[in-house]
Amino acid sequence: MLKPNMHYAELKDSYLFYNIAQKTKKYLEEHPNTHLYRMGIGDVSLPLCDAVIKGLHRAADDQARAESFNGYMPECGAPFLREAVREHYKDYGVELETDEVFISSGASDELGDILDLFDCSNRSLIIEPAYPAYVDANMMGGRDIVHLPSSRENGFLPLPDEKTQAELIYICSPNNPTGAVFSREQLKKWVDFANKNGSVILFDAAYEAFIEDAELPHSIFEIEGARTCAIEICSLSKTAGFTGTRLGYTVIPKALERNGMNLNSMWVRNRTTKTNGVSYIIQRAACEVFTPEGQQQIHENIAVYKQNARTLMKALDELGIWYTGGKNAPYIWLECPNGMGSWEFFDLLLNEAQIVGTPGEGFGKCGEGYFRFSTFGSSEDTKTAAERLIALLK
Ligand code: PLP
């Protein structure tokens, strides 16, 4: 008899954002025509920048002519885009080879698929609060999870100690949901730990473009020793508004080997088996992000989200509510006022101010008592939401 993957039965009933969607849907059914101030899910509100739109049009025209038409793209990515990403890393002082860069259709896809490289007996360490997909993807594969809680005391940036044991280590920096960013010195501790213990770090850099403090690292490969212990997964979703357009990239150094196996070669084998690559049109358009014009335009969009962050932080300052993040990340992580639980605060904001945020508990047990605001909403909504927050909580 067919045996389904029974690990799916161990997954928690509903995914965080599904729960939020259900609650907001119910609210809207009971209060039709109400405008909600959506600062929950981390989806962008600004359209693609002009350089990317022009790139999309040009690439669509290429597909209309026999002489410029493209069929299947190389599974690991179009050479022109792999090269553009390689060049981009030079801005961070990181020298890569073109075939150390793999093009993907997004970080979520890669964060799940990359687990193919690792035996199910490996333990995955997840720093919590965490992006929920890490836990779920590991549970689906039946891996043991080592939950490493973080807290206000350690700035949500925990470090390994003599008790730490795990073969796979997830690091998300800048962090979703806390907005915390590991410094070079702190990352070096994780890199040294991984090299010493033969672990592999899965470094999620989906929010690197939001870093504004010059001394903070954008890539784990800025840290000495990372080439022998890390894989970096990145995305244009938030960097350039590609949430609906879909494009990411993954860096696997050729020096990364475990047990006589080369992880870069394994990933080539995996990709050439399991995907036929990302569409030509999207890869061409993605190249525009890495041009000087594209970089300027995406940073203009990021500046709008940064302004949203400042608007919300100002309101929280006025209310005397403790928070972190917002500066080098598009998320603000705050303590629920008056000792409220995070779903309790969610209900209060929805019912009394029509604001939708994300309860911290959804990112792991240690997120209870905290709340996340996304800064990806429109400027108008964010301004009004800040006023409503003040009116409700002052
Ligand atoms: N990693 C983190 C930490 C995220 O917050 C997200 C999306 O919110 C992703 C990865 C997924 O990005 P993508 O849209 O490229 O799948």
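We count ligands from 1, going down the list as the structure has it; atoms in each ligand are counted the same way. If you read the sequence from its start, that first residue is 1, and numbering goes on from there.
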Subject >> Criterion side chain to side chain contact (heavy atoms under 4.5 Å, CB included) on Asp381 and Met39, from CA distance to verdict >> reply: CA-CA 9 Å; Asp381 270 11; Met39 297 192 293; over 6 Å; no
Which atom pairs, nitrogen or oxygen on both sides, join ligand 1 and the protein at under 3.5 angstrom?
| from | atom 1 | to | atom 2 | distance (Å) |
| --- | --- | --- | --- | --- |
| ligand 1 | 1 (N) | Asp204 | OD1 | 3.4 |
| ligand 1 | 1 (N) | Asp204 | OD2 | 2.6 |
| ligand 1 | 5 (O) | Asn176 | ND2 | 2.7 |
| ligand 1 | 5 (O) | Tyr207 | OH | 2.6 |
| ligand 1 | 8 (O) | Tyr207 | OH | 3.3 |
| ligand 1 | 8 (O) | Lys238 | NZ | 2.8 |
| ligand 1 | 14 (O) | Ser237 | OG | 2.6 |
| ligand 1 | 14 (O) | Arg246 | NH1 | 3.0 |
| ligand 1 | 15 (O) | Ala107 | N | 2.7 |
| ligand 1 | 15 (O) | Ser235 | OG | 2.6 |
| ligand 1 | 15 (O) | Ser237 | OG | 3.2 |
| ligand 1 | 16 (O) | Ala107 | N | 3.4 |
| ligand 1 | 16 (O) | Ser108 | N | 2.9 |
| ligand 1 | 16 (O) | Ser108 | OG | 3.1 |
| ligand 1 | 16 (O) | Arg246 | NH2 | 2.9 |

Subject >> With sequence neighbours excluded, residues passing salt bridge (charged side-chain N to carboxylate O under 4.0 Å, His left out) with Asp61 >> reply: none
Give every donor-acceptor pair under 3.5 Å between a side-chain atom in residues 223-230 and any protein atom, sequence neighbours left out.
| from | atom 1 | to | atom 2 | distance (Å) |
| --- | --- | --- | --- | --- |
| Arg227 | NH1 | Glu100 | OE1 | 3.4 |
| Arg227 | NH2 | Glu100 | OE1 | 3.3 |
| Arg227 | NH2 | Glu100 | OE2 | 2.5 |
| Thr228 | OG1 | Asn195 | OD1 | 2.8 |
| Thr228 | OG1 | Asn195 | ND2 | 3.4 |
| Thr228 | OG1 | Gly225 | O | 3.0 |

**OP:** Could you tell me whether Glu335 and Arg152 have a side-chain N and a carboxylate O separated by less than 4.0 Å?
**Re:** yes
Subject >> ring-ring contact (aromatic ring centres under 6.0 Å, His included): pairs with one or both residues in residues 58-83, sequence neighbours excluded >> reply: none
Subject >> Verdict with supporting geometry, Ile127 and Leu125, side chain to side chain contact (heavy atoms under 4.5 Å, CB included) >> reply: CA-CA 7 Å; Ile127 296 173; Leu125 180 144; 4.0 Å; yes
